[in-house]
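Here's the structure we're looking at; comments come further down.
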Amino acid sequence: MVELDIDGQKVEITEGSMIMHAAEKCGTYIPHFCYHKKLSIAANCRMCLVDVEKAPKPMPACATPVTQGMIVRTKSDKAIKAQQSVMEFLLINHPLDCPICDQGGECQLQDLAVGYGKSSSRYDEEKRVVANKDVGPLISMEEMSRCIHCTRCVRFGQEVAGSMELGMSHRGEHAEIETFVGETVDSELSGNMIDICPVGALTSKPFRYSARTWELSRRKSVSPHDSTGANLIVQVKNNAVMRVVPLENEAVNECWIADRDRFSYEALNGEDRLKTPMLKQGGQWKEVDWQTALEYVANGLKQIKTENGADAIGALLSPHSTTEELYLATQLVRGLGSDNVDARLRNAEFGKAEGVRWLGTSIASLSNLQSALIVGSNLRKDHPLFAQRIRQSARRGCALSAINSVVYDWAMPVANSVAVPAGQWAQTLADVAAAVAAEKGVQAPASGHATEAAQKIAKSLVKGERKAILLGNAAAHHANASSLLALADWLGEHTGATVGYLTEAANTLGAQLVGAQPQMSGKNAAQMQSGLKALLLLNNEPEHDTAAKAAVQADMVVTLSPFKTNMAFSDVLLPISPFTETAGTFVNAEGRIQSFHGVVKPLGETRPGWKVLRVLGSTLGLSGFEFETAQDVAAAALKGDKEFVSASNLSNATKSSFDLGKSADEPATALIYQLDSLTRRAPALQATADAKAGDKVGQLEEVVA
C-alpha cells in the first residue's frame, strides 16, 4: 500500500494505482472526459491535470502513478488554470448547439464548461465541421463535430464489446472517429457507447429529438429478456416510455445493458398493442368489456371440464412472464384439476423436476474465471452481458473451451473449440470425461475416447481454481439434455468446476420455483400443442416460442398478451401489461430475486396479468386467489425468499444415466432479436444486421425443409 496526500487528506491505496483512483477512494472529484472506471487509461483529454508537488508541470491524474508521500493538489491555482486552459482548447471547435442536443442537460462537457469555461472565446477562426455518418439503426453519428476524441467509444468496442468497430482516422484537426470502409456498428452491446460518450457526439437514433432530459421521469425496473436480470432506469414522458438506460449494479450488469434491453421499449408504444379484450365470433374479432371476456373464458373452461374432464385443459406459459403471473397461472390450472402446465416451451426432452436449474455460481464470478467450458450456446448473442464478463476473464488469460454445432464468433479468444452435430455433443463430453479420467486416474463415467481436442479441454479444466462448466440454451433444449447435464456434473465433480445453466429467459428460474411444469403425469409443452380442448397461452406465441414452431390446436384458445397475436387460432385475446405497466418479480440465473413496479399506467383497457388471473380464478370459484397486491402473490410464490432463492432449492444435480447413442436434431433456440414478443416488435432492433442475418437463416431453413 502507498500513502499519499490529496488536498490535505491522507489516503492509502494499492501500489500501481493512479492519482485518479486515489481521489475516487477519498471522495475527491477531479474533472475528466476520457477516463472511465471500466476502460483502459488513454490520457487523451488532459482535463484531469492536477498539481503534484515537485513536478515541473501539471500532471494527468488518470495516468500518473501514485508514490509514497506524494502530495497532490486538485484545486490549487496551478491545477485550476491548467484545467481551464484545456477546457478552452476543447471548446474551440465544439458547436454551440446545446439547445437542440439530445445530451443537453446530462452532458459532461456542458457541466464542466460552467465551472472551467470562459464566457467568450479567443478563437475567431471557422469551426471545423465533420461529415455525418450512418452506422446503423441504433446509434446516431449525425453531430460528430461535437466529438472531443476521448476515444471512450473506441476502447469500449475493443475491451468490453470485444470488437473494434470504431476507430480514429487521420491526425490533428483532421482526426475523426468513424467506422472503416463504411461499415455499421453491429455489436449487441453498442448502445452503451451512447451512455459513455461525454459530449453528445453519439446519441440514440430511436430516441432522437423525442424529449428533453428534464422532461423525463426516471424509474427503476428489471430487464424482461435474458437471464441476466439487468437493472434498468426507464425514462417516461406523458405516460409513455421514451428511453431505457442502465442502472448500475456491480453484482449483476455492472454499468452496461444489452441493446435489446435498451431498445425493445419501442414495442411498448407500437401499433401492435392489444388495448381491449377481444372475442372471435363468427370468425370475426370484436372488442368486448372485461366482464364479458372473463365470463366467456370461465364458462368455457367449466363446460370443457364437465364434458371432457380437467385433463382436457392446459396452459403454455412464457418464462418471460413475472413470477406472480406464472404462479397464479399454475394455481388456476391445478385448481381446475389439471397438471397440464409447462414453461419449457423450446425443450425437446421433458424430465421430472429434480431441483431448480441455475447458473451454479454468481454472475460476478464469471469475470474472474481461470477456465471455462461452454456447451451448446452462441454465448455472445444468447447472453450478451454474461459474454462480456467471460470476455474479461479471457482477457486475463482464462482458458475458454466450447462445444457447439458451429464455431461462433464470440469476440474473445477461445482456446479450444469443437464443432460437431448436436447429436454428438454427449459423446464429445464423454470424450472429455475420458481424458479427465486418464489425468486423474479414475474410472470414466461412459465410453469415450480421449481425442486430442478432448485432452486439451480436460487439461484446461483440471488446472486452476476458478472454473465453470456452463450449459447454454441449446444444451437445455437438447433432446438428450439429461445426459449432457449428467456428464457435466461428473466433470465438475472431478475437476472442481462449478456446473450450471446459463438459462434462457428472464424468469426461467421463477418458472421452476412455482412449479410451471407437470408435477405428476400432466402433458408437457410439446404434447399440449394438440389434443387439448382448452389451452391458455400466457405471453407466448407458439409459432415463435415453441420447439414445434406451429399453431396450436384446441377447441378454445385463450391468449393473454400485451399484443394482438395468435389471432389465427385464438378465440379470446386478453390484454395484459408488459413489464413497464405492472409490478412483478423476476429471478435471474444466479437465483437473485428482483422485484419492480410499473413505471407507466396500463395502456387502454390493459390490466396486469396477475390481476387478470386472480379475477379469473375467483370467477371460476377457485380458492387461493384472494390476493390484494403483487407483493402478496410474490410472497406466496417464493415462500418467503426475498433476495435470493433458498440454496436448498437450487440444484443442478441429476439422477439421469448417460445415453450417448440417443439421436438428436439441432435444438430449438431463439435468435437474439427473436427471443420474446417485445424484441420481435421493436423496429430499430429488427433493422439491425443481427436481425437481418436471422431472417436469412430463417429463409434458408424454409428452403431446406
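As a basis for the values below, the full set of heavy atoms in this structure was taken, side chains included, without hydrogen atoms, waters or symmetry mates.
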Side-chain donor-acceptor pair under 3.5 Å between [X] and [Y], yes or no?
X    : Y    : result
S377 : H383 : no
S677 : N539 : no
T585 : E324 : yes
S561 : T565 : no
T361 : T498 : no
S656 : T654 : yes
S190 : E165 : no
N231 : N249 : yes
N540 : S318 : no
D690 : T688 : no
D676 : H225 : yes

Donor-acceptor under 3.5 Å ([X] side chain, [Y] main chain):
X    : Y    : answer
R273 : L268 : yes
E354 : K655 : yes
E266 : A684 : yes
N588 : T228 : yes
N253 : A230 : no
Q158 : M164 : no
N652 : V499 : yes
H478 : P667 : no
K38  : C255 : no
R344 : A525 : no

- Task: Given side chain to side chain contact (heavy atoms under 4.5 Å, CB included), test F156 with N192 step by step and report yes or no.
- Result: CA-CA 8 Å; F156 172 85; N192 294 290; 3.5 Å; yes
Do [X] and [Y] make a side-chain contact, defined as non-hydrogen atoms from C-beta onward lying under 4.5 Å apart?
X    : Y    : answer
N347 : N524 : no
D259 : Y673 : yes
L379 : M412 : yes
T179 : V185 : yes
L385 : L189 : yes
D261 : V244 : no
P413 : L400 : no

- Task: Output all residues satisfying side chain to side chain contact (heavy atoms under 4.5 Å, CB included) with K205, sequence neighbours left out; order by chain, then residue number.
- Result: D134, S140
Of all the heavy-atom pairs spanning [X] and [Y], show the shortest one and how long it is.
X    : Y    : answer
A550 : Q529 : O-NE2, 2.9 Å
A161 : A411 : O-CB, 3.8 Å
L366 : L470 : CD2-CD1, 4.1 Å

- Between S367 and the options R389, R391, R395, the side chain to side chain donor-acceptor pair (under 3.5 Å) test singles out R389
- Item | Aromatic plane relationship, F579 with F596 - under 30° parallel, 30 to 60° tilted, over 60° perpendicular |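 Aromatic pair F596/F579 classed perpendicular.
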- Task: Mind running side chain to side chain contact (heavy atoms under 4.5 Å, CB included) on V245 and R262 for me, showing each step along the way?
- Result: CA-CA 6 Å; V245 296; R262 184 183 302 273; 4.2 Å; yes
List the atom pairs, donor and acceptor, that lie under 3.5 Å between side-chain atoms in residues 451-462 and the rest of the protein, sequence neighbours left out.
unit_1: T451; atom_1: OG1; unit_2: A454; atom_2: N; d: 3.2
unit_1: Q455; atom_1: NE2; unit_2: A450; atom_2: O; d: 3.0
unit_1: S460; atom_1: OG; unit_2: I457; atom_2: O; d: 2.7

- Check ion pair E543-R680 (N to O, under 4.0 angstrom): no
- Determine, step by step, whether L560 and E325 satisfy the side chain to side chain contact (heavy atoms under 4.5 Å, CB included) criterion, reporting the C-alpha distance in whole Å, the side-chain angles of both residues, the deciding distance to 0.1 Å, and the verdict. CA-CA 10 Å; L560 296 90; E325 292 166 349; over 6 Å; no
- Proximity of W425 and H477 rings by center, below 6.0 Å: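 Between W425 and H477, the centre distance exceeds or equals 6.0 Å.
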- Message: As a quick check of understanding, evaluate side chain to side chain contact (heavy atoms under 4.5 Å, CB included) for Q674 and T679, giving each step before the final call.
- Response: CA-CA 6 Å; Q674 293 292 323; T679 56; 5.8 Å; no
- Query: Does atom CG of N368 have more than 12 heavy-atom neighbours from other groups under 6.0 Å away?
  - Reply: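 Check passes, neighbour count above 12.
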- Among E250, E254, E248, find the residue that satisfies the salt bridge (charged side-chain N to carboxylate O under 4.0 Å, His left out) test when tested with K37. E248
- Query: Distance under 6.0 Å and angle within 45° of the ring axis: does R357 meet both against Y501?
  - Reply: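 Not flagged: R357 not positioned over aromatic ring of Y501.
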